[in-house]
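Both backbone and side-chain heavy atoms feed into the values below; hydrogens, waters and symmetry mates do not. Owing to the predicted nature of the structure, the values given are computational and were not obtained by experimental measurement.
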Amino acid sequence: MNSENPIWALISTFGLMSLFAVGGAAAAVPEMHRIAVDVHHWMTEKQFADAYAIAQLSPGPNVLIVTLIGYAVAGIPGALAATLAMCLPTALLAYYVSRLLSRPSQSRWPTLIQTALVPLSIGLMAASALILAQSTDRTFAALLLTAAVAVLASVSRINPLWLLLAGGLFGFAGIV
């Protein structure tokens with residue numbers, strides 16, 4: 001880690017990232033991975049994948065991954081700083097934009113912006129899935145399991161928790 005204060009590094013990193021995380025924290029996972037693992041070396045690939053898994057399994061919003069990264073960097077103060085930095089700028093921006101868009105207007109811009117953000121959000125979530133698959137699928141069995149679960153989740157109505165449980169059992173059994 002560099003000589004910069006880790007709390008300020010977390011605040012500046014996640015404060016800026018929050019403004020570009022279209023679609024929420026889940027859409028920013030590739031950038032979080034790049035910064036936490038490749039740039040600052042706050043975590044290893046495995047630590048990041050574990051933090052992501054914990055964030056997904058825990059109740060509540062996906063932004064928990066930010067809290068876990070902050071905790072890994074600077075303990076409880078880091079967790080608090082990272083979480084507030086990720087949530088506060090976006091919350092304030094959303095508040096002011098929603099007030100602006102709620103005004104009566106004949107402009108087509110609000111609809112055009114909302115329509116344009118849908119494919120952008122989908123692309124960011126797909127990039128998140130790719131980054132996580134690359135960092136965790138180290139064996140052919142793991143790659144096959146990831147592909148099978150992705151197909152099964154997209155064509156069926158199976159609760160994703162059952163798929164997570166099955167993946168955990170395969171991991172516990174040593175298959176992946």
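Closest approach of Ala28 to Met17, counting heavy atoms only: CB-SD, 4.0 Å. Nearest heavy atoms, Ala141 versus Ile175: CB-O, 3.6 Å. Pairing each heavy atom of Leu163 with each of Ala153, the nearest pair is CD1-CB, 3.9 Å. Minimum interatomic distance between Ile7 and Ala81 (heavy atoms only, all atoms of both residues): CG2-CB, 3.9 Å. Contact detail for Pro89 and Gly15: the closest heavy-atom pair is CG-O, 4.0 Å.
Taking hydrophobic clusters as Ile, Leu, Val, Met, Phe, Trp and Tyr residues chained together by side-chain heavy-atom distances below 4.5 Å, Val176 shares a cluster with Trp162. Ile122 and Phe20 fall into different hydrophobic clusters, defined by Ile, Leu, Val, Met, Phe, Trp and Tyr side-chain heavy atoms under 4.5 Å apart, directly or through other members. Both Leu152 and Val149 belong to a single network of hydrophobic side chains, linked directly or stepwise wherever heavy atoms of I, L, V, M, F, W or Y lie under 4.5 Å apart. Note on Leu145 and Leu169: same hydrophobic cluster, where clusters join Ile, Leu, Val, Met, Phe, Trp and Tyr whose side-chain heavy atoms are under 4.5 Å apart, directly or indirectly.
For the atom pair Ser18 OG and Ile11 CD1, the distance stands at 12.0 Å (nearest 0.5 Å). Going from atom OG1 of Thr115 over to atom CG of Leu112 covers 6.5 Å, rounded to the nearest 0.5 Å. Interatomic distance, OG of Ser12 versus CG of Asn5, reported as 10.0 Å (0.5 Å rounding). Remark: Asn159 CG to Leu164 CG distance equals 9.0 Å, nearest 0.5 Å. To the nearest 0.5 Å, atom CG of residue Leu165 and atom CZ of residue Phe172 are 12.0 Å apart. With rounding to the nearest 0.5 Å, the separation of CD in Glu31 from CD1 in Ile131 is 9.5 Å.
The closest donor-acceptor contact from the side chain of Thr13 to the backbone of Leu10 lies at 3.5 Å or more, if one exists at all. Looking only at distances, no side-chain donor or acceptor of Thr83 sits under 3.5 Å from a matching main-chain atom of Leu80. Here the side chain of Thr90 pairs no donor or acceptor atom with the backbone of Cys87 at under 3.5 angstrom. Judged by distance alone, the side chain of Ser154 and the main-chain N or O of Val151 form a donor-acceptor pair under 3.5 Å.
Here the rule is side chain to side chain contact (heavy atoms under 4.5 Å, CB included) with Val37, and of Lys46, Gln47, Glu45, Met32 only Glu45 fits it.
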After noting the C-alpha distance and the side-chain angles of Phe48 and Val29, does the key distance pass the side chain to side chain contact (heavy atoms under 4.5 Å, CB included) rule? CA-CA 10 Å; Phe48 186 87; Val29 169; 4.0 Å; yes

Could you walk me through whether Ile35 and Phe14 pass the side chain to side chain contact (heavy atoms under 4.5 Å, CB included) test, one step at a time? CA-CA 10 Å; Ile35 288 172; Phe14 289 112; over 6 Å; no

Show, in sequence, the C-alpha distance, side-chain angles and deciding distance for Met43 and Leu68, and conclude whether the side chain to side chain contact (heavy atoms under 4.5 Å, CB included) test is met. CA-CA 10 Å; Met43 309 173 96; Leu68 295 173; 5.6 Å; no

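Side-chain contact between Thr67 and Tyr71 is absent, with no heavy-atom pair separated by less than 4.5 Å. Looking only at side-chain heavy atoms (C-beta outward), Gln56 and Ile65 stay at 4.5 Å or farther from each other.
When the shell of 6.0 Å around CD1 of Ile76 is examined, it contains 12 or fewer heavy atoms from other residues, nucleotides or ligands.
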